[in-house]
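Working notes, structure below.
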Amino acid sequence: MTGKREQNREQNRQALIGAVLDSVAEKGISETSVSEIIQRAGLSRGMIHLHFGGKDNLVHAAAHHSSEEYYDELEALLQTAGESPQERIEMIVRGDLSERVLNRRNVSIWYAFRGEARNRKAVAEYSDTRDGRLRGMIHSAFSRIVCESGTPAPFEAARDATHGTLALLEGMWTDFLLHPDRFDREEASRIIFRFLAAMFPAHFSLKGAVRPLKV
């Protein structure tokens, strides 16, 4: 009986989170009212307070859930990447620009939450371009690359490559938000790889990562 109760509890939580994200994607945060949420979730108003203690906590939970979905997709893709740091960078770039990640629903949600970042610190950590988790993944790979290539000023080079890649990815998301019907994913990837090939010609080409030679 306890297991069934916990299952129902989790189903209700997920229904409310899903309702928030659907509403935010379609209407934005300001129009995502309690009435809108419970209507979409098919649950009573009291369920929000029971499971989250109020609307604000529910919105924060939805932002966290959206972030975790992004990283779940990214981690799954990285499991298929090669072992070299440049192959991991390529997979991050292609994954971030893939249709499963970069689509109208996700980009609308991300920018809606980002618009609230100044007023909601709990939301800000899930919509920050310098998100520590993603930045750490990218910086770790570039740190390996600069060591392998003997790049001068390796700390600065890894830092700049990380910031540059994140800035380019964010720019592509903005371009998709404004021009979804004209957005070209391959072209977007190629532009980022051109930047990386200029910094690390032995590790990147316009097509992506240069695979290491097998010994």
Side-chain angles (χ1 to χ4, degrees), residues 6-78 91-139 162-163 165-178 180 183:
E6 286 300 317
Q7 183 179 2
N8 289 339
R9 177 182 175 84
E10 184 58 25
Q11 287 176 346
N12 289 340
R13 283 177 56 85
Q14 293 304 316
L16 290 167
I17 286 173
V20 170
L21 294 176
D22 287 343
S23 179
V24 168
E26 294 176 22
K27 298 186 172 186
I29 290 182
S30 62
E31 297 297 320
T32 299
S33 64
V34 169
S35 297
E36 181 73 21
I37 294 167
I38 61 175
Q39 181 180 354
R40 288 173 181 267
L43 296 170
S44 68
R45 183 180 297 264
M47 286 293 180
I48 293 177
H49 292 277
L50 175 64
H51 296 298
F52 297 97
K55 179 190 170 185
D56 283 348
N57 289 339
L58 172 55
V59 171
H60 299 162
H64 179 235
H65 181 83
S66 179
S67 175
E68 288 302 306
E69 282 189 328
Y70 171 85
Y71 283 109
D72 286 346
E73 289 284 350
L74 205 57
E75 291 289 353
L77 287 170
L78 286 173
M91 193 61 74
I92 289 172
V93 170
R94 294 196 183 280
D96 191 81
L97 298 176
S98 69
E99 190 171 357
R100 292 185 65 175
V101 174
L102 180 56
N103 52 59
R104 294 191 189 213
R105 181 177 187 272
N106 287 348
V107 79
S108 296
I109 290 170
W110 192 80
Y111 275 99
F113 282 138
R114 189 167 190 197
E116 288 291 302
R118 179 177 298 179
N119 301 320
R120 299 173 184 253
K121 290 184 178 180
V123 168
E125 65 178 296
Y126 304 119
S127 57
D128 190 344
T129 308
R130 298 193 181 192
D131 171 81
R133 191 170 171 184
L134 180 59
R135 185 175 181 277
M137 293 167 64
I138 295 175
H139 187 267
T162 300
H163 288 337
T165 301
L166 288 170
L168 285 166
L169 286 172
E170 182 179 2
M172 297 309 174
W173 275 56
T174 302
D175 189 35
F176 179 88
L177 175 69
L178 298 175
F183 187 78

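We're numbering straight along the sequence, starting at 1. This structure is a prediction, so every number in the text was calculated from the model and none was measured.
- Atom CG in L16 sits 11.0 Å away from atom CG in L21 (nearest 0.5 Å).
- Closest heavy-atom contact between I109 and S66: CG2-OG, 3.8 Å.
- Side-chain contact check for W110 versus L177: every heavy-atom pair is 4.5 Å or farther apart.
- A112 and I29 get closest at one heavy-atom pair: O-CD1, 3.5 Å.
- E75 pairs by the side chain to side chain donor-acceptor pair (under 3.5 Å) definition with nothing, not counting sequence neighbours.
- Within 6.0 Å of CD on E31 lie no more than 12 heavy atoms contributed by other residues, nucleotides or ligands.
- Remark: Q39 pairs with no residue by the side-chain contact (heavy atoms from CB on, under 4.5 Å) rule, at least two apart or across chains.
- A donor-acceptor pair under 3.5 Å links the side-chain atoms of N103 to the main chain of R100, judged by distance alone.
- Between V24 and V59 the shortest side-chain heavy-atom distance does not fall below 4.5 Å.
- Using a 4.5 Å cut-off on side-chain heavy atoms (C-beta onward), L74 and V101 make no contact.
- With 3.5 Å as the limit, one finds no donor-acceptor pair spanning the side chains of N106 and Y70.
- Pairing each heavy atom of A62 with each of I17, the nearest pair is CA-CG2, 3.9 Å.
- How far CG of L97 is from CD1 of I92: 11.5 Å, rounded to the nearest 0.5 Å.
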When you look at M137 and L78, which way does the side chain to side chain contact (heavy atoms under 4.5 Å, CB included) test go after all the steps?
CA-CA 11 Å; M137 293 167 64; L78 286 173; 3.1 Å; yes
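- Put simply, the side chain of S108 gets close to the backbone of R104: a donor and an acceptor are under 3.5 Å apart.
- Using a 4.5 Å cut-off on side-chain heavy atoms (C-beta onward), Q11 and E6 make no contact.
- Using a 4.5 Å heavy-atom threshold, the side chains of F113 and H60 count as separate.
- Shown here are the side chain to side chain donor-acceptor pair (under 3.5 Å) partners of E69, two or more places apart in sequence or in another chain: H65.
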Donor-acceptor pairs are to be reported for all side-chain atoms of residues 47-58 against protein atoms at under 3.5 Å, with residues two or more places apart or in another chain.
residue: K55; atom: NZ; partner: T32; partner atom: O; Å: 2.7
residue: D56; atom: OD1; partner: R120; partner atom: NH1; Å: 3.4
residue: N57; atom: ND2; partner: F52; partner atom: O; Å: 2.9

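- Contact record, A15 with L43: CB-CD1, 4.2 Å, taken as the closest heavy-atom pair.
- In this structure, the side chains of F183 and L178 stay at 4.5 Å or more apart for every pair of heavy atoms.
- Qualifying side chain to side chain donor-acceptor pair (under 3.5 Å) partners for S35, counting only residues two or more places apart in sequence or in other chains: R45.
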For V93 and L168: C-alpha separation, side-chain torsions, deciding distance, then whether side chain to side chain contact (heavy atoms under 4.5 Å, CB included) applies.
CA-CA 10 Å; V93 170; L168 285 166; over 6 Å; no
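- Applying the side chain to side chain donor-acceptor pair (under 3.5 Å) test to R105 and every residue at least two apart in sequence or in another chain returns D22.
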